[in-house]
Amino acid sequence: MTSSFNASADKLSVSLSGDLIGGSDAMQFSIDFRDKLAHHTPKRVVVDASKVGFVNSSGLGMLIAARQATLEHGAEFTLDSPGSQLKSLLTVTKLTELMGAA
């Protein structure tokens, strides 16, 4: 998994690519994500998941943790363009609306 961040005055855009399966990539993402939130205090966070492949429970947990961190900073979280496997996972777990992917 790779991630990139683009911060503007009121928005933090996050692009994810590859498989979200936890491990060291997820840990680094969590550190980087919280650092960006702390330094930019955006009103909105938009996570582009259009280039994400497979997502397991650890990857889903990573996204949920990112949402929680966003809410703790008083910002709105949106998961944009989830692929078919991620959409299916969100539907099965009834998290589609919660993750802003409705």
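Side chains are part of it too, since the values below use all heavy atoms of this structure and drop only hydrogens, waters and symmetry mates. All residue numbers in this chain count up from 1 along the given sequence. Computed from a prediction, not measured in an experiment: that's the story for all the values here.
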Just list the side-chain donor-acceptor pairs under 3.5 Å for residues 52-67, sequence neighbours left out, or say none.
from	atom 1	to	atom 2	distance (Å)
Asn56	OD1	Ser58	N	3.0
Asn56	OD1	Gly59	N	2.9
Arg67	NE	Leu98	O	2.8

Determine all donor-acceptor pairs shorter than 3.5 Å in which one atom belongs to a side chain in residues 24-34; sequence neighbours excluded.
from	atom 1	to	atom 2	distance (Å)
Asp25	OD2	Met1	N	3.2
Gln28	NE2	Asp32	OD1	2.8

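Interatomic distance, Ser3 OG to Lys36 NZ, rounded to the nearest 0.5 Å: 9.5 Å. Note that OG of Ser8 and CZ of Arg44 are 8.5 Å apart. Values are rounded to the nearest 0.5 Å.
Tracing side-chain contacts under 4.5 Å through hydrophobic residues (I, L, V, M, F, W, Y), one never reaches Leu90 starting from Ile21; they form parts of separate clusters.
Between the side chains of Asp80 and Thr78, no donor-acceptor pair is found at a separation under 3.5 Å.
Taking the side-chain hydrogen bond (donor to acceptor under 3.5 Å, both in side chains) definition, one finds that Thr2 meets it with Ser17, sequence neighbours left out.
In plain terms, the two heavy atoms of Pro82 and Lys87 that are nearest each other are O-CE, 3.1 Å. In plain terms, the two heavy atoms of Val46 and Lys11 that are nearest each other are CG2-CE, 3.8 Å. Nearest heavy-atom pair, Thr93 versus Leu89, reported as atom, atom and distance to 0.1 Å: OG1-O, 2.7 Å.
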